[in-house]
Structure formats: C-alpha cells, structure tokens
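Working notes, structure below.
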Amino acid sequence: MTSSNQPLRSSAKRASLFYLVFVMYSYTTGGCFGLEDQITNSGPGMTLLYHLIVPFFWCIPISLVAAELTGAMPVQGGFYRWTRAAFGDFWGFLAGWWNWTASFLLGSVYAVLFADYLGFFFPEISGWKHYLVSIALVAVITWINIRGIGAVARVATALELFVLAPIAVMVFIGFTKWHHNPFVPLIPPHRPVFQVFGVGLALGLWLYSGYEQLSTVAGEVENPQRNYPLALACVIPLSMASYFLPTATSLAALNNWQDWRGGYFPTAAQLVGGPWLGVWMTLAAMIANVSLLNSTVLASTRMPFAMAQDGFLSPKFTNSSKRFGTPAVAILFSGCLYALLSVNSMTRLITVYVWLRVATSLMTVLSAWRLRKTKPDMPRVFVIPGGRIGLLYAVGAPVLMGFVALLGSDHIALLFGPAAIAIGPIAYFALRRWRTPLIFHG
C-alpha cells in the first residue's frame, strides 16, 4: 500500500456511463424490495401515491443539486467537500461523519438480510452460522471494492440484470391478471394518521435516498461532469418504475394488501406466477442485498479517505492499494465494522439511519444555495434549470420533506436519531486536537 497526499486517482479503469448507471441504481434502489411495510402502514393507495409524488420532493431536487455540484467540483469525497467549501470545516466534517457512520448501520443490515433470505433455502442457518454467512459476504464485497470501481461496476451490472429479470416477469404476469383497483383503499381504515403519514413517509424517503452519494467517487468515473447528470436522468425513472410497477400489478392481481409485510415480494411473486417465480424472486432479493452492500461500500469508504486527506482523520486512511489505487485501509476498516455489527438484526434501527441520511442530504442541497452566493463565478457544466425559482425548488423541497419525515419518526428514532446526530459535533472537537495540517484544497 502507498500513502497518498493527492486526490484519489485509481490506476484501475474508470467507470463508463453504462456502468455508472448500474452502480448508482444498485446503491439507491437495488430492485423493488423494502417497500412492503408501507402498504400495511399507509395503505395501498397512499403507498402508490408516495412513489409517484415523493421523488419530486426528494430525490429529483437532490439529484439536480448533485448534478450541478459534480459538474462544478468533480472531486473525491463529493458532497463532503462541497459542504466544506460552502460552510467551512465544521459542517463539512459533520456531512462526512454522518454519512460514514450511517453506512456502518446500512452495510450491516444488508449483510444480515442476505443471510435471512438464504435461510429460506437452508433453515438450519441460524445463530453463529447466520453470523458467519454475514461475515463471509462482507469479506467478499470488501475484496471486490479493493479491486476498484471497475470491478464493483461489473459486479453491480451483472447482479442488477439478474434482479430486474424476475421483476419484469412479475409485472408482465400481473398485468395479465389485473382484476382490482390497486389504489383502493387509499389508507387503511382505523389506522392512526401518524402511522399513515409518519412511518410511510419515512420509508419513502429511505427508498429514494442516496442519489448524491456516488459523487464521492467522481474521481473514478469517466468524464464525471457529463456522465453523472446523465446517470441520474436514467436512474430516477428506473427506480420509480422498479417500485411502482411490481407493487401496482401485484395488488391489482391479488387484492390482498392486508397480507403484505416485510419481505413479502417473493410470496406475492409465488401467488402471481407460481412457485418457480417465488423462488426466482427470493434469489433476486438475496442478490439485491449483495448489490446494495457492494455499492454501499464503494460510496461510503471514499469518505474517510477524503476526510483523512483534509486532516480530520488519521493519515492511515489515505493509504491506497499499489495495484488498484483504491483506499484500501478505509475499505478494510469499514468492512471490519460492517462484519462486527452483523451479529444481530438491526432493521428496527433503519429509522435512525434515516436521521443521518436526511441530515447529510440537507447539507448537500444547502451547499448548492451557499455556493451560488459565495462562488457565483465557479464554472458549472450543468446548472439547475429555472433560475432562482429552480434553485428554491431544489433546496426548499428536500428541506421541507426532510423535516416532515423526521417529525413523524417512531419512538426509537426520536430517541436515538438525535443522539446519532449529536455524536458528530462531539467527534469533531475530540479529533480536532490531533488534526494534521490540511492537504487538500479544493
């Protein structure tokens, strides 16, 4: 390994637009899985409306911001460095810290869920065997990521093509068996308003989060000023279709919204198309979690590398692979934490992750507003359309949606979410005394 004082430049081949689309899709969506609890909490009609409306108030404006700032500052560390340029060291550190710590929870959840789905075929996988499967998956994904974004992109593309195939088949069969209105009922009868609009909206924001995250690997993408906005334009419609179409067609064919629960899509596929489609969809769910973990490691491990370059973390995190030029120490360190946290299921804490993700996303959009004020002459290959009104939409819509979602959090998130946020400032002041002189200036 070598120590690098310069922005990361991988010696491996950079990702083209084609591969970037699949890496971004695998990180932000990964298939139709994860929305099932929305249906029972918010109702089938409101769930479908969420997937038609939420993107216009969350991922679309955030993507516009990411496109503009990636074109202006295509640097390793992405939104962390944008926030630092806009608001200074303190807020830049918080954006990086919140994102990196959130990835520990998210990555471990994907490893655990993979082992859970594997238990469908091998019920004896439990206890230490379950943990061993999770660790093995983390180890394989860590090795792939050390080999660079080229390897990650090829794996992500192959995995997502496998995931999308049974979803497409399920949608087709569901259309042929369409007998019911999937929007009825709009909301569950006698369900508290808080549960309909609070929990359901939080899940919606989680499902449509992460579109700015791949900015952290801009230095490993071919022509990021051009390809990043184009990838966003491809991925957002694909993500919306991946959630909306299989949900709508399954509900229209089965009319059993009361039976939906977490991990229900394989069961729905079996009811729609038969046992063969149920098994195929179960395999797709497993592969989707592999793909999500693969892209999570890619997006999140460039963060400690960039923060170490800026002197916020130990210089050890700038050590890179001699062969692949990737931040090997940061990847290995993060992989170890994912493995340690995979000992138990942590899906109940996903709402805590949403607090950290919302905080990071809000810092990103506010950075676009701030940089328009402080650096109006900065070259921008892509500019958010609509002038001041367009900028107001791109910044204001996510801020409003984020606050609404956090206010509707459940009791676990309301207890641990603010605590997770508060750790960031504590870490900043604790680490500042050991901070080395700044290396990166961008």
Side-chain angles (χ1 to χ4, degrees), residues 1-4 7-16 19-28 30 76-78 80 96 99-114 133-160 163 210 213-222 224 231 286-309 313 316-342:
M1 296 183 186
T2 60
S3 179
S4 173
L8 189 63
R9 291 290 185 266
S10 175
S11 57
K13 184 178 180 180
R14 296 190 182 188
S16 64
Y19 285 125
L20 179 61
V21 166
F22 281 97
V23 170
M24 187 178 292
Y25 177 80
S26 69
Y27 181 80
T28 58
Q76 207 76 2
Y80 149 68
N99 178 78
W100 189 35
T101 53
S103 74
F104 301 151
L105 170 62
L106 194 62
S108 63
V109 166
Y110 293 145
V112 168
L113 290 176
F114 172 83
V133 169
S134 299
I135 292 177
L137 176 62
V138 170
V140 171
I141 296 301
T142 299
W143 174 77
I144 292 172
N145 272 264
I146 288 177
R147 295 180 64 85
I149 192 172
V152 174
R154 289 189 293 272
V155 170
T157 301
L159 294 179
E160 288 307 325
V163 169
Q213 297 292 305
L214 268 296
S215 64
T216 59
V217 295
E220 300 171 69
V221 174
E222 291 179 0
M286 292 171 54
I287 296 301
N289 281 288
V290 174
S291 184
L292 286 163
L293 176 59
N294 185 42
S295 299
T296 296
V297 174
L298 173 71
S300 61
T301 53
R302 274 55 176 177
M303 188 59 62
F305 177 90
M307 294 176 71
Q309 280 191 323
L313 298 177
K316 295 289 186 182
F317 285 108
T318 65
N319 289 349
S320 57
S321 167
K322 291 182 179 179
R323 180 179 178 185
F324 302 109
T326 51
V329 171
I331 294 172
L332 288 170
F333 181 84
S334 297
C336 289
L337 289 177
Y338 296 155
L340 288 173
L341 292 173
S342 297

Indicate yes or no: at least one non-hydrogen side-chain atom of Phe317 is less than 4.5 angstrom from one of Met307. no
Close side-chain approach of Leu332 to Ile146, heavy-atom, < 4.5 Å: yes
Do Asn294 and Tyr27 make a side-chain contact, defined as non-hydrogen atoms from C-beta onward lying under 4.5 Å apart? no
Residues in side-chain contact (heavy atoms from CB on, under 4.5 Å) with Ala231, at least two apart? Leu17, Leu20, Val21, Met24
On a heavy-atom basis, which atom in Ser134 and which in Ala111 lie closest, and how many Å separate them? OG-O, 3.4 Å
Using every non-hydrogen atom in the two residues, find where Thr318 and Ala308 come nearest and quote the distance to one decimal. CG2-CB, 3.6 Å
Ser334 meets the side-chain hydrogen bond (donor to acceptor under 3.5 Å, both in side chains) criterion, sequence neighbours left out, with Trp100
Partners of Thr157 by side-chain contact (heavy atoms from CB on, under 4.5 Å), sequence neighbours excluded? Phe18, Tyr19, Phe22, Leu161
Here the gap from Ile331 atom CD1 to Cys336 atom SG, rounded to the nearest 0.5 Å, amounts to 12.0 Å
Across all chains, not counting sequence neighbours, the side-chain hydrogen bond (donor to acceptor under 3.5 Å, both in side chains) partners of Tyr110 are none
Distance check, rounded to the nearest 0.5 Å: Asn289 atom CG versus Ile141 atom CD1? 11.0 Å
Partners passing side-chain contact (heavy atoms from CB on, under 4.5 Å) against Ser26 (at least two apart in sequence or in another chain): Ala156, Glu160, Ser291, Ser295
Can you list everything that forms a side-chain hydrogen bond (donor to acceptor under 3.5 Å, both in side chains) with Thr296? Sequence neighbours excluded, please. none
Would you say the side chain of Phe114 lies within less than 4.5 Å of the side chain of Leu293, judging by non-hydrogen atoms? no
